[in-house]
Enquirer: 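First the structure, then my questions, so here it is.
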Protein chains: 2
Amino acid sequence: MATLKDVAREAGLSVGTVSRVLNNRGYISEDTKRSVREAMARLNYQPNAMARSLSKQSSSMIGVIVPSISHPYFAKVLSCLESAAREQNYQLLLFCSQGKVAREEEYVRVCVSNRVAGLILCSGSVETGKLRNLGFPVVAFERFINEADAGVECDNYEGGAMAARELIRAGCRNLMCIGGAGEVSMPADARRVGFLDVCRQHPDIEVRENICAPEHLDDLNYFPELRSFLDSAPDVDGIFAGSDVIGMQIMAELAKRGKRVPQDVKIVGYDDVNLAQMTNPQLTTICQPVHEMAQECVSIIIRAARNESYPARTMFHVTLERRGTTCGNDEYT
Amino acid sequence: MATLKDVAREAGLSVGTVSRVLNNRGYISEDTKRSVREAMARLNYQPNAMARSLSKQSSSMIGVIVPSISHPYFAKVLSCLESAAREQNYQLLLFCSQGKVAREEEYVRVCVSNRVAGLILCSGSVETGKLRNLGFPVVAFERFINEADAGVECDNYEGGAMAARELIRAGCRNLMCIGGAGEVSMPADARRVGFLDVCRQHPDIEVRENICAPEHLDDLNYFPELRSFLDSAPDVDGIFAGSDVIGMQIMAELAKRGKRVPQDVKIVGYDDVNLAQMTNPQLTTICQPVHEMAQECVSIIIRAARNESYPARTMFHVTLERRGTTCGNDEYT
DNA sequence: AACGGTATGTCAACCGGTTGACACGGGAAA
DNA sequence: TTTCCCGTGTCAACCGGTTGACATACCGTT
């Protein structure tokens, strides 16, 4: 592997000079620049990013901790983070905590060790004060943490409210809200509250509320719980699912029971992951602007690296994607 | 951020000594070890991984390039790679090429710059010789590349053959094979060949063959093509889908057309991603031992780092996961 | 002739670790 | 007593870059 020194020798110059043309510092003649570039090309030189980071005291890596990679929502988040990072010439160090606090703490240590430029936390477990004074900013993604330096989230309350209004609009009267895994004490819990608040404004609407166990972020098997929820409410005609994955599984279970969607039961999901468009009918869902959120996270980290100020908390709007699972009673025939 | 020097000062020793206790080298008294450990704890010291890698001339990062993160198959692969890497105290640098060759080449350069321990390529575009002499091994994951130092793949031929046998066993006579995106010249293409070979052994079986355009690895919208495939063969009663995602979309489209699965049409997917169990009926599919494959990739990279030898090509068995979409004509009622 | 500014390039310290070479005191063997 | 080894610890070079300080040379001013 060629080093700067090799390039300097090849070009007949000193390391310092070569480094200058690399970093566009000071006065360098066009001739010199050219001969350096040629030498680099000849040797197939690639600067050593570690040496550079070490000396510059700043790296271009961003740590990301997610609870699960194969959950479609986090896959979507990761995808957006990767593209946002790339746009700014940053790289992603990927970690998957599987919801285990110990693993999360280990990963935080690894990030410190690697002197990342910043850490984006999408994971759920709480860190008791271990996130302060790490030497880089910690950005919480759809997750509220006191210890984090910044938070980027969505208007989950409004998302839940929109879901309720959509189901009611479509003619449902007997609603159920099925919360995702372990959302209590997380921003996502506001969905539930928003949903219930709207329901309560309608005296003729009945609502039930169910919460799934928190283990399912990884295995994604909500069926046993969903079955008992549905058993407990055979007359339900509108369901707000805490995620599209839950929504899909409800659809599968309803199909098994001979219930038609949307004729007998209407459904609103959450996240607008790609699967939501692979069902029949396609799933109505609440969509977060994940791409913008990801860009905001990266932007916060970059601003922090430049010692610029950044918002402690950013909240984005959600939107309703109306699809086949909430066609109104008069809309299908 | 505390450095080794700080620890040394705090413990009243020299840097060299402290480094020795960190790396368990030479003779160090228990007393010294203890006081070093205490000093590290007091200062909340975390060794600088970049400095260490620089000086040791070896890093613990593995680059991974996938064409898409939100495709469930690659999400599954990434998930397994992350856990395999973690088991060996390696970290993952994540890159998403979106099938673009230019981006792939850029990412390879970034990996070189970062002096990764190895690169795992799950991406599809071909690299013309740019993968040799990078300073680290390149492992091709389910992808055949001459330039790669090693390849880890599955018995795709047998996978296709199993799919054919399963559909025939379940009573299908009018088969269709729908290839995934751009599999030609990739190991996945062997699925098609295996499938067709088995079909040809049965003179009473009719087979059609279709290939989807290669762009869909990212947007995952196969519907328009699937519709025309189905239009062209209204009498088909068994479909082998190149991926579970394709399989799911076929199911949705068939449902729309009033065809029942598995009564009217039976389906076998590929990959066994988590969604395959979220449909109704659940999707029969061919499963790769992704976890073992991921471990093998990491193991190859570690062996290469130790200058040990490693296999140039490893092939794993696939298995059939029989589920609801291929119940035989006499198995449901 | 002395001076100042500009253009070009060299040198060495530093980033935070690792590691081989070596110093030193003490005990055992010759 | 000399020799040698052992246990313990120090020192400085090195990994591959970056950067401020400084040397040199050339040009135009005053």
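Every value quoted in this text rests on a predicted model; they were computed, and no experiment measured them. Every chain is numbered from 1 and lettered A, B, ... according to where its sequence line falls, protein lines coming before strand lines.
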Enquirer: Of all residues at least two apart in sequence or in a different chain, which pass the salt bridge (charged side-chain N to carboxylate O under 4.0 Å, His left out) check with R34(B)?
Expert: D31(B), E38(B)
Enquirer: Can you sort out the partners of Q57(A) under side-chain contact (heavy atoms from CB on, under 4.5 Å), two or more places apart, ordered by chain and number?
Expert: none
Enquirer: Test of understanding: with side-chain contact (heavy atoms from CB on, under 4.5 Å), list the residues that count as partners of D219(A), not counting sequence neighbours.
Expert: H216(A), N221(A)
Enquirer: Which whole-number value in Å describes the distance from R25(A) CZ to dT10(C) P?
Expert: 14 Å
Enquirer: Nucleotide range of DNA chain D contacted by chain B, 5' to 3', under 4.0 Å to a heavy atom?
Expert: dG7(D) to dG17(D)
Enquirer: Only counting residues at least two apart or in another chain, list the ones meeting salt bridge (charged side-chain N to carboxylate O under 4.0 Å, His left out) with E106(B).
Expert: R86(A)
Enquirer: Pairs in or reaching into residues 14-38 of chain B: which pass ring-ring contact (aromatic ring centres under 6.0 Å, His included), with residues at least two apart or in two chains?
Expert: none
Enquirer: Can you check side chain to side chain contact (heavy atoms under 4.5 Å, CB included) on F141(B) and M293(B), steps first, answer last?
Expert: CA-CA 8 Å; F141(B) 190 101; M293(B) 294 166 75; 3.8 Å; yes
Enquirer: What does S29(A) touch in the nucleic acid at a heavy-atom separation under 4.0 angstrom: a base, only the sugar-phosphate, or nothing?
Expert: sugar-phosphate
Enquirer: Among residues two or more places apart or on two chains, list those pairs meeting ring-ring contact (aromatic ring centres under 6.0 Å, His included) that have a residue in residues 79-104 of chain B.
Expert: F95(B)-Y107(B)
Enquirer: Going by heavy atoms closer than 4.0 Å, what residues in residues 4-13 of chain A are next to DNA chain C?
Expert: none
Enquirer: Tell me every residue that passes salt bridge (charged side-chain N to carboxylate O under 4.0 Å, His left out) with R42(A), counting only those two or more places apart in sequence or in another chain.
Expert: E10(A)
Enquirer: Sorted by first residue and then second, give each salt bridge (charged side-chain N to carboxylate O under 4.0 Å, His left out) pair with at least one member in residues 300-315 of chain B; sequence neighbours left out.
Expert: E153(B)-R313(B), E296(B)-R303(B), R306(B)-E308(B)
Enquirer: Within the structure shown, what part of the strands sits under 4.0 Å from T3(B) by heavy-atom distance: base, sugar-phosphate, or nothing?
Expert: sugar-phosphate
Enquirer: Just call it for T17(B): base, sugar-phosphate, or nothing, with non-hydrogen atoms closer than 4.0 Å on any strand.
Expert: base
Enquirer: If you find the nucleotide of DNA chain D closest to R20(A) and the one closest to I28(B), which residue's nucleotide is nearer the 5' end?
Expert: I28(B)
Enquirer: Heavy atom of residues 31-51 of chain B under 4.0 Å from DNA chain D: which residues?
Expert: T32(B)
Enquirer: Is any side-chain heavy atom of V36(A) closer than 4.5 Å to a side-chain heavy atom of R20(A)?
Expert: no
Enquirer: Can you list the residues that meet the salt bridge (charged side-chain N to carboxylate O under 4.0 Å, His left out) rule with R109(B), with sequence neighbours excluded?
Expert: none
Enquirer: Find which nucleotide of DNA chain D each of K56(A) and S55(B) is nearest to by heavy atoms, and output the residue with the more 5' nucleotide.
Expert: S55(B)
